[in-house]
Amino acid sequence: MTVYQHILLAVDFSSQDSQVAQKARNLSLQTGARLSLIHVLDNIPMPDTPYGTVIPLDTKIPYPMLETERQKLNEIGDEFAINPDRRWLIWGEPRQEIIHIAEQEKIDLIVVGSRGRHGLALLLGSTANRVLYHAKCDVLTVRLQDD
Ligand code: AMP
């Protein structure tokens, strides 16, 4: 039995994603775990669509804005050799959807980035903190360095 069997890498499409992705990929190679990828769309309005909507990656998408997001996810997936069947683009609230997919896909390690915070941002908390607090599996937070 491996240490981890299924790792979920969460990316926010920032320039620091590759720092998180590299760690997740290395861990998956070292442990033999499968690697899945998720991005949650939380800043694109999608009227008449409930939270938690999975955006298909292999069929034509009727929203032009989503095409860019789909391309970004696929670029990361290709760069880090993540199976196309294990890439998730979901509309909703990041913490909620990351945890939902983690439970649905029987993930045993979630890998997220963590930025140093101060002031109001510290009080409001981060995605990493929220995932850490609510996840039922292990969570690795990768301290992000400025580019
Ligand atoms: P933040 O707390 O927003 O600074 O983000 C820290 C980390 O949380 C990122 O490096 C990602 O791993 C994850 N994250 C934040 N927003 C999203 C999102 N919309 N979809 C997937 N992961 C996210």
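Since the model is a prediction, treat every value here as computed from it, not as a measurement. Here, residue 1 is the first one in the sequence, and each next residue gets the next number. Just so you know, ligand 1 is whichever comes first in the structure, and atom 1 is the first atom listed for that ligand.
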### Query
Would you say Ser126 has any N or O atom under 3.5 Å from an N or O of ligand 1, going by distance alone?
no
## Note on the structure
ligand 1 to Val112, heavy atom cutoff 4.0 Å, flagged ligand atoms 12 (O)
### Query
Is Ile98 touching ligand 1 with its side chain, its backbone, both, or neither, if touching means heavy atoms under 4.0 Å apart?
side chain
#### Entry: Shortest non-hydrogen contact from Ile101 toward Ile107
O-CG1, 4.2 Å
### Task
Write down the atom of Arg34, the atom of Arg86, and the distance for their closest heavy-atom approach.
CD-NH2, 3.4 Å
### Task
Give a yes or no on whether the backbone of Val11 and the side-chain of Asp17 come within a donor-acceptor separation of less than 3.5 Å.
no
### Message
Can you tell me which residue among Asp12, Ile98, Leu89 is in a side-chain contact (heavy atoms from CB on, under 4.5 Å) with Val40?
### Response
Ile98
### Message
Quick check: Ile38 and ligand 1, any N/O pair under 3.5 Å apart?
### Response
no
### Query
Is there any N or O on Val40 that sits under 3.5 Å from an N or O of ligand 1?
yes
### Message
For ligand 1, which is the ligand I care about here, please tell me if Leu144 has any N or O atom under 3.5 Å from one of the ligand's N or O atoms.
### Response
no
### Query
What do the steps show when you test Trp88 against Glu105 for side chain to side chain contact (heavy atoms under 4.5 Å, CB included), and what is the final call?
CA-CA 11 Å; Trp88 298 91; Glu105 298 301 305; 3.4 Å; yes
### Task
Flag Arg115 as yes when one of its N or O atoms lies below 3.5 Å from any N or O atom of ligand 1, and as no otherwise.
yes
### Element-labelled atoms of ligand 1 that are located less than 4.0 Å from some non-hydrogen atom of Asp12
5 (O), 9 (C), 10 (O), 14 (N), 15 (C), 16 (N), 17 (C), 23 (C)
### Query
So, Arg115 and Thr141: side-chain donor and acceptor under 3.5 Å apart, yes or no?
no
### Task
Have a look at ligand 1 and work out which part of Pro94, if any, has a heavy atom under 4.0 Å from it: side chain, backbone, both or neither.
side chain
### Task
Over all heavy atoms of both residues, which pair between Leu35 and Phe80 is shortest? Give the atoms and the distance, please.
CD2-O, 4.4 Å
### Message
Taking 4.0 angstrom as the limit and counting only heavy atoms of His39, give me the atoms of ligand 1 inside it, by number and element.
### Response
19 (N), 20 (N), 21 (C)
### Task
Pull out every atom of ligand 1 sitting under 4.0 Å from any heavy atom of Val11, numbered as shown with elements.
18 (C), 20 (N), 21 (C), 22 (N), 23 (C)
